[in-house]
Number of protein chains: 2
Amino acid sequence: MSRPESRLGAHLPVSPPTLADVAERAGVSRQTVSNAVNNPDLLRPGTLERVRGAIEEMGYSPNRAARNLRTRTSQLIGLRVSPVQEGTANAMMDRFVHTLVETSALAGHHVLLFTGDDEDPVAGYDNLLRSTAVDAFVVTDTYLGNPQAAWLAQQRAPFVAFGRPWDRASARHPWVDVDGAAGTRLATEHLIAKGHTRIAWIGWRKDSPIGEDRRAGWLKTMHEHGLPTTGLASRVEDTVQSGGEAAAVLLDESEPTAFVCASDTLAMGVLHTLWLRQLAPGKDIAVVGFDDSQVAQVYPVGLTSVRQPLEDVAVEIVNALQSLLSHQPAPEDGVLLTPTLVVRESS
Amino acid sequence: MSRPESRLGAHLPVSPPTLADVAERAGVSRQTVSNAVNNPDLLRPGTLERVRGAIEEMGYSPNRAARNLRTRTSQLIGLRVSPVQEGTANAMMDRFVHTLVETSALAGHHVLLFTGDDEDPVAGYDNLLRSTAVDAFVVTDTYLGNPQAAWLAQQRAPFVAFGRPWDRASARHPWVDVDGAAGTRLATEHLIAKGHTRIAWIGWRKDSPIGEDRRAGWLKTMHEHGLPTTGLASRVEDTVQSGGEAAAVLLDESEPTAFVCASDTLAMGVLHTLWLRQLAPGKDIAVVGFDDSQVAQVYPVGLTSVRQPLEDVAVEIVNALQSLLSHQPAPEDGVLLTPTLVVRESS
DNA sequence: GCCCCTGATTGGAACGATCAAGGGGGCCGA
DNA sequence: TCGGCCCCCTTGATCGTTCCAATCAGGGGC
């Protein structure tokens, strides 16, 4: 039987062919076409070729909604976009998201963006989950006490976090993270190799576990090399101005010859202070940032910076998601990746 | 009848309640529950309240796949993420995407990200379209001769472009864009108001319509004020280095006191050249960039820059999409928004 | 009292795919 | 010759929702 003519006129978009249309054309049943798409091994080579020909000719693509309804999946991965922070240098999400989208595509998934209510941070997740609009989530902002990860774990919703669960109390769940301490260790050892001995740290306030992790890398490396750290550390807000002020104080009081910073934003502040004092970055004073943001790349005096392997993070997250969705429990519950150091003129 | 117990154990996620479940609980039929969700006006107030109660209690959310199948929509808007360009300063997509996601959510849509094949730029679009995975597209990279817009228009697929169709030959379609010429006009008039008369232009190569548009704003404003432009314009690649070299040449040959640049990337090059020559940005020489990128915000000598109203662009795009999807032809075929100038220390 | 009309609600069908059985034909061994 | 098995393919049922037409109850006009 031929499908009812739903083309009201040539000016309206034609409705795409269905499984039944292809089946009729190829002279087989619906199920055979379905198998040709999903389980080609089940078909005799001749039949497969014929069906594939029909699919090709008609430009058939399985209707997503129908497939999703039947299989109870959506092939979608939810990603909440957090508000843009202007005035800071961390626009690295671009890099991450791009690779995430690409890698998911290889695994047959697409990425769905959504925003959250500020009042109820889990509202967005809850909606998508209950309407079975996504198969899984990627949770990116895992600051301390982030309720989302715990909530999702409690709901037994499949998700992978970019970021370690910092509070041990929270339920276990798969995660992928970058070893911040290893990054600052790289930076510190690079500076030590350059002959620096008085290396200062400018980081975030104590309530940031990520900041403390990065600080630990600097601290431990300094100690291992028997270098002084007292009076050489500063913890401030993540703004250019704070970084600049901290650098000024440290320069006055402790005379460091190099700075390791918890972010490129802070490093920009340091560079500003150096500029005000007519000190040449990379010659008089070395500076290393964190995140390899576009600022670090574009700044005329190239800023040496710790670069997070965001592409690898995305790949690992998709891996974890896949084993999660195929109900194979992830081998371990976390993957920790090591960043690299991009050396530029500032060190 | 009660639904079959599909809960194999408390450790597995419970399948969400369906329309039928809610109907049973509320003592009404499926259709009535459906109406309560989609056409509340059809219900008697008492019934509506009862059904809403049941929905609330059971935490019901309509199954997306089923609804999509029946209504032939997906409530999804496709957005192709273009490859990340490192080393340039235009990470403004973050701002745009965020507002797009938020605004679409208000309209009941989500944003689906996908990537494209480099060889076949329309492959990604084609797939999503044929599988009815998205309702519409937002096309962002509308450079000259971009095949996507033309292809989509030919397919009669609903889409809105961020960017004007530069070649008149291409099919008409709704678009939203930022008036680049108005931006450089703002920049130029700002500099003129500051007393500058020799204002140079550093832009992109001639084959970029966007670049030519921005250049035109500078050129026209200069002419209107009877100011010279010969020997004061340069067209180069969009890199920091090119911008710096162009600035050096212009400084040597034409002695400008100010620069208007087609991008923040180029402006960074100019700043670098000034730094090399011990010229103070904002005092000796004024510099204005374009895009108000994070670099402009974070750079210690704040870079004056033309800021695109990306939030407004996103809102207008969603507006256009909505009228497109409700089959009301958009009132006009294009919306042109005016940028603003963010004045900082560099001018 | 009867009929019609309107508003509220209902049951059946359909959207387009996959799942779960079932069936026909060829090949093998008995 | 016949049962049994495997391979390839087909048929009917189903996922959860919305569309469509039909039904039902309640009022008002005559």
Side-chain angles (χ1 to χ4, degrees), chain A residues 1-4 6 14-52 54-55 58-75 108 130-133 135, chain B residues 1-4 6 14-52 54-55 58-75 108 130-133 135:
Chain A
M1 59 190 137
S2 78
R3 50 207 293 256
S6 59
V14 197
S15 55
T18 73
L19 210 52
D21 297 328
V22 178
E24 193 192 5
R25 175 101 157 217
V28 292
S29 70
R30 297 187 318 264
Q31 187 58 42
T32 301
V33 181
S34 174
N35 286 335
V37 175
N38 301 309
N39 302 81
D41 297 345
L42 294 180
L43 299 206
R44 203 187 307 168
T47 314
L48 180 57
E49 194 178 351
R50 192 154 37 100
V51 174
R52 284 200 167 144
I55 290 177
M58 307 182 74
Y60 168 77
S61 237
N63 180 299
R64 269 297 218 294
R67 170 179 279 182
N68 294 350
L69 174 59
R70 192 63 180 101
T71 62
R72 296 166 163 280
T73 58
S74 65
Q75 306 298 99
R130 281 199 322 228
S131 56
T132 56
D135 290 344
Chain B
M1 57 191 141
S2 79
R3 50 208 293 257
S6 59
V14 196
S15 53
T18 73
L19 210 53
D21 298 327
V22 178
E24 193 192 4
R25 175 101 157 216
V28 294
S29 70
R30 296 187 319 262
Q31 186 57 43
T32 302
V33 181
S34 175
N35 285 337
V37 174
N38 301 310
N39 302 81
D41 297 345
L42 294 180
L43 298 207
R44 203 187 309 167
T47 315
L48 179 57
E49 195 178 350
R50 192 156 35 100
V51 175
R52 283 199 168 145
I55 290 177
M58 308 182 73
Y60 168 76
S61 245
N63 180 299
R64 269 299 217 296
R67 170 179 278 183
N68 294 349
L69 174 60
R70 187 58 230 206
T71 61
R72 297 166 164 281
T73 57
S74 64
Q75 306 296 101
R130 282 199 321 228
S131 56
T132 57
D135 290 345

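Here the structure is a predicted model, which means the values were calculated and not measured. Chain A is the first sequence line, chain B the second, and so forth, proteins listed ahead of strands; every chain is numbered from 1.
Applying a 4.0 Å cut-off to non-hydrogen atoms, the residues of residues 37-45 of chain A that approach DNA chain D are A/L43, A/R44, listed by residue number. Contacts with DNA chain D (heavy atom under 4.0 Å) in residues 27-34 of chain B: B/R30, B/Q31, B/S34, listed by number.
The separation between A/Y60 atom OH and C/dT18 atom C1' is 10 Å, rounded to whole Å. Atom-to-atom, CE of A/M58 to C1' of C/dG16 comes out at 14 Å; the value is rounded to the nearest Å. Rounded to an integer number of Å, the gap from CG of B/D21 to C1' of D/dT17 is 13 Å. Across the protein-nucleic acid pair, B/R67 atom CZ and C/dG16 atom C1' stand 18 Å apart, rounded to whole Å. Per the geometry, CG belonging to B/N63 stands 18 Å off P belonging to D/dT14, to the nearest Å. Atoms CG (B/N35) and P (C/dG7) sit 15 Å apart, rounded to a whole Å.
Rounding to the nearest 0.5 Å places CZ of B/R130 at 11.5 Å from CZ of A/R64. Atoms CZ and CD1, on A/R25 and A/I55 in that order, are 11.5 Å from each other to the nearest 0.5 Å. How far CZ of A/R67 is from CG of B/L69: 13.5 Å, rounded to the nearest 0.5 Å.
Looking at B/D21, its side chain does come within 3.5 Å of a backbone N or O of B/T18 through a donor-acceptor pair. Remark: the backbone N or O of A/S74 is paired with a side-chain donor or acceptor of A/D135 at under 3.5 angstrom. Looking only at distances, a side-chain donor or acceptor of A/N63 sits under 3.5 Å from a matching main-chain atom of A/A66.
For C/dT18, the base has a donor-acceptor partner in the side chain of A/R70 [N/O atoms by modelled type, under 3.5 angstrom].
Counting heavy atoms from C-beta outward, A/L19 and A/E24 have side chains that stay 4.5 Å or more apart. At a threshold of 4.5 Å between non-hydrogen side-chain atoms, the residues B/R50 and B/V28 count as touching. Two residues are said to be in side-chain contact when any heavy atoms from C-beta on lie closer than 4.5 Å; B/N68 and A/N68 fail this criterion.
Close to C/dG16, at under 4.0 Å from its OP1 or OP2, lies a side-chain N or O of B/R72.
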Review point. Which is it for A/N35 and A/R30 under the side chain to side chain donor-acceptor pair (under 3.5 Å) test, yes or no, and what are the steps along the way?
Key: CA-CA 9 Å; A/N35 286 335; A/R30 297 187 318 264; over 6 Å; no
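If B/R50 and B/L69 are placed on DNA chain C by their nearest nucleotide, the residue sitting closer to the 5' end is B/R50.
At its two ends the helix from C/dG1-D/dC30 to C/dA30-D/dT1 runs along axes set 60° apart, each axis drawn from five pairs and the angle rounded to 10°.
Contact between A/P62 and A/V37 at its shortest, heavy atoms only, is CG-CG1, 4.2 Å.
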